[in-house]
There are 2 protein chains.
Amino acid sequence: MPSNGLDPIDRKILAELQADGRMTNVELAKRVGISAPPCLRRVRTLEEQGFIKGYHADVDARSLGFEVQVFVMVGLHSQAKDDLTAFEDQCRSWPLVRECHMLNGEVDFLLKCTAPDLSSFQTFLTDELLTTANVESVKTSLVIQEAKDVPGVPFDVLEARLQKTA
Amino acid sequence: MPSNGLDPIDRKILAELQADGRMTNVELAKRVGISAPPCLRRVRTLEEQGFIKGYHADVDARSLGFEVQVFVMVGLHSQAKDDLTAFEDQCRSWPLVRECHMLNGEVDFLLKCTAPDLSSFQTFLTDELLTTANVESVKTSLVIQEAKDVPGVPFDVLEARLQKTA
DNA sequence: GGTGAAACTTGGGACAG
DNA sequence: CTGTCCCAAGTTTCACC
């Protein structure tokens, strides 16, 4: 019962590319212990099968002028399927909303918003989110400090798990 | 009052690399409208100055076997500086905790956790988080659906802002 | 999975505006 | 200081074993 048809080399490739997405293929091949052509074939396969969804530069929001990050908890009036979908579509259209998670419990959605400053977030809040149909309650929490923000998944947790089942 | 000593070409470079971090330098140069050598020089400068913090492959958590994502709201007993720092350090040492944000309001920290399944999250919760000194209250919210999860910052918001101040 | 070879990319140097 | 042109070293990516 392996991960998902992935062998240890595939997982190593994913872990390496998650840590450094601009690594050259020869460097990657050296690290995972095979030669470059089969390594590239594996990477292409992983991309095609959707294990790798893309590659992104990690841009420093603060120094670029995005000073505020806010979590917004949203409760909806109606939780009918179409109404949930309508709200999700709305979220996708708002550039300030970077993440929209549907949660269990009392709150329906958790949004993570990134904005240049408080006033532009306030504008979004009052002019966009609060005027949206079906929105019942909105509770915002400002991020005071970013203590940890690691992209991707914890491969060490996965490897530890696979050890146990092996 | 531009962004941060960045000209429109720099911002275009950042936006392009955020969208596709594996783009070759010649392709990037073509897109931003300059030739390759100065484009590479700009990229290196942006990296050195910390505007680009790194490059990461965006790995699909679900297909890799990370089925659950949980937001955890943590309240601490003492909010003294050293106690806050101690908790942040603790979060950095837990691989399951991918993000740790210090918030304003009634809750002190919001954690985003990624785990293979509910039981391994439960183990983390009971054996790690709940046994941590100074942790007063813990409230967990399971992510039912990921409606939106876009990496990086909204460059279009930034450009719109710069237009206004220009 | 490995090898070799062609096409391309990177990244430096020399130079012009 | 930023852009252009050119060139060697390294990288990607093919066909083939």
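It should be emphasised that the depicted structure is a prediction, and the values quoted were computed from it without experimental measurement. Reminder, nothing fancy here: chain letters follow the sequence lines and each chain counts from 1.
For A:L40, whose side chain is taken as the heavy atoms from C-beta onward, the closest listed nucleotide among D:dG3, D:dT12, C:dG1 is D:dT12. Looking at the side chain of A:P37, the nearest of the listed nucleotides D:dT13, C:dG1, D:dG3 is D:dT13. Counting only heavy atoms from C-beta on, A:P38 has its side chain closest to C:dG1 among C:dG1, D:dT4, C:dT10. Checking D:dC14, C:dG1, D:dT2 against every side-chain atom of B:R42, the shortest atom distance belongs to D:dT2.
Among the atoms of the strands shown, base atoms are found under 4.0 Å from some heavy atom of B:R41.
As a whole-Å value, the separation of A:R44 CZ from D:dT11 C1' is 12 Å. Following rounding to the nearest Å, B:R31 (CZ) and C:dT9 (C1') show an atom-to-atom distance of 16 Å. The separation between B:M23 atom CE and C:dT9 atom P is 13 Å, rounded to whole Å. Straight-line distance from the NZ atom of B:K30 to the P atom of D:dT4: 15 Å, rounded to whole Å. We find that CD of A:E47 is positioned 12 Å from P of D:dT12, with the value rounded to whole Å.
Judged purely by atom type and a 3.5 angstrom limit, A:K148 uses its side chain to pair as donor or acceptor with the backbone of B:V97.
Hydrophobic clustering (ILVMFWY, side-chain heavy atoms < 4.5 Å, transitive): A:V157 and A:V150 are in distinct clusters.
Contact check, B:S35 against D:dT4: a side-chain N or O comes under 4.0 Å of OP1 or OP2.
Relative ring orientation between A:F109 and A:F87 is described as tilted, the plane-to-plane angle lying within the 30° to 60° band.
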In sequence, state the C-alpha distance, the side-chain angles, and the governing distance for B:Y55 and B:Q18, and then conclude on side chain to side chain donor-acceptor pair (under 3.5 Å). CA-CA 9 Å; B:Y55 302 89; B:Q18 180 177 275; over 6 Å; no

